[in-house]
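The structure appears below as structure tokens.
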Amino acid sequence: MRYPSRRPGRTEAARPATRGRRSDVTALTFCDSTGVSEMIASLRRSRALGARLVLAGVHGTLERILTITGLRSAFELSPSVEEALQEM
């Protein structure tokens with residue numbers, strides 16, 4: 001089963017909700033409304049599958065965006081990929 005992304009040309013395979021998913025954003029230096037929309041869509045897909053979605057390494061611009069928009073509490077955050085993997 002595949003879920004279409006909001007962006008043309010991209011798809012994401014659905015995975016069983018055994019452990020959840022993590023997204024490494026440590027190298028992210030820019031995020032606009034399209035990026036925020038993609039993160040929200042991914043969170044909704046994860047919840048629909050009964051899976052966890054953990055954002056690893058949130059910092060700088062993305063941290064400010066999540067705080068300002070009130071989305072920080074909607075996502076599970078982990079300081080690093082390693083810690084996210086241990087938590088799952």
Side-chain angles (χ1 to χ4, degrees):
M1 175 180 246
R2 296 178 81 70
Y3 287 94
S5 173
R6 294 172 64 105
R7 301 183 90 187
R10 291 181 43 193
T11 60
E12 180 177 294
R15 297 181 194 147
T18 54
R19 297 180 70 186
R21 298 176 2 194
R22 60 130 179 96
S23 183
D24 180 2
V25 295
T26 53
L28 188 72
T29 59
F30 176 80
C31 184
D32 61 7
S33 61
T34 302
V36 173
S37 294
E38 284 292 318
M39 288 191 303
I40 292 169
S42 185
L43 179 62
R44 287 182 178 159
R45 285 190 298 270
S46 294
R47 287 182 176 170
L49 294 169
R52 294 172 57 201
L53 173 64
V54 179
L55 298 180
V58 174
H59 67 284
T61 302
L62 181 57
E63 185 172 24
R64 286 190 296 279
I65 289 170
L66 293 177
T67 301
I68 290 168
T69 59
L71 291 170
R72 188 163 194 225
S73 62
F75 290 94
E76 288 187 56
L77 305 179
S78 182
S80 68
V81 174
E82 293 79 18
E83 289 182 47
L85 290 172
Q86 289 174 359
E87 294 170 4
M88 299 182 102

* Full working for side-chain contact (heavy atoms from CB on, under 4.5 Å) between Leu43 and Met39 -> CA-CA 6 Å; Leu43 179 62; Met39 288 191 303; over 6 Å; no

To the nearest 0.5 angstrom, please state how far the [atom1] atom of [X] sits from the [atom2] atom of [Y].
{"X": "Leu62", "Y": "Cys31", "atom1": "CG", "atom2": "SG", "result": "5.5 Å"}
{"X": "Ile40", "Y": "Thr69", "atom1": "CD1", "atom2": "OG1", "result": "7.0 Å"}
{"X": "Leu55", "Y": "Leu28", "atom1": "CG", "atom2": "CG", "result": "10.0 Å"}
{"X": "Asp32", "Y": "Ile65", "atom1": "CG", "atom2": "CD1", "result": "8.0 Å"}
{"X": "Ser42", "Y": "Leu53", "atom1": "OG", "atom2": "CG", "result": "4.5 Å"}
{"X": "Leu77", "Y": "Leu66", "atom1": "CG", "atom2": "CG", "result": "7.0 Å"}

* Asked: Between the side chain of Ser78 and the main-chain N/O of Ala84, is any donor-acceptor distance below 3.5 Å?
  ->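 Confirmed, Ser78 side chain pairs with Ala84 backbone.
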
* Do Thr67 side-chain atoms and Glu63 backbone N/O form a donor-acceptor pair below 3.5 Å? -> yes

* Go through Arg64 and Thr61 one step at a time and tell me if the side-chain contact (heavy atoms from CB on, under 4.5 Å) criterion holds. => CA-CA 5 Å; Arg64 286 190 296 279; Thr61 302; 3.4 Å; yes

* Report the C-alpha distance between Ser46 and Arg21 in whole Å, list the side-chain angles of each, state the deciding distance to 0.1 Å, and finish with yes or no for side-chain contact (heavy atoms from CB on, under 4.5 Å). => CA-CA 8 Å; Ser46 294; Arg21 298 176 2 194; 3.6 Å; yes

* Structure fact -> Here the pair of heavy atoms bringing His59 nearest to Gly57 is ND1-O, 2.8 Å

* Asked: Does a salt bridge link Arg22 with Glu76, judged by any charged N lying under 4.0 Å from a carboxylate O?
  -> no

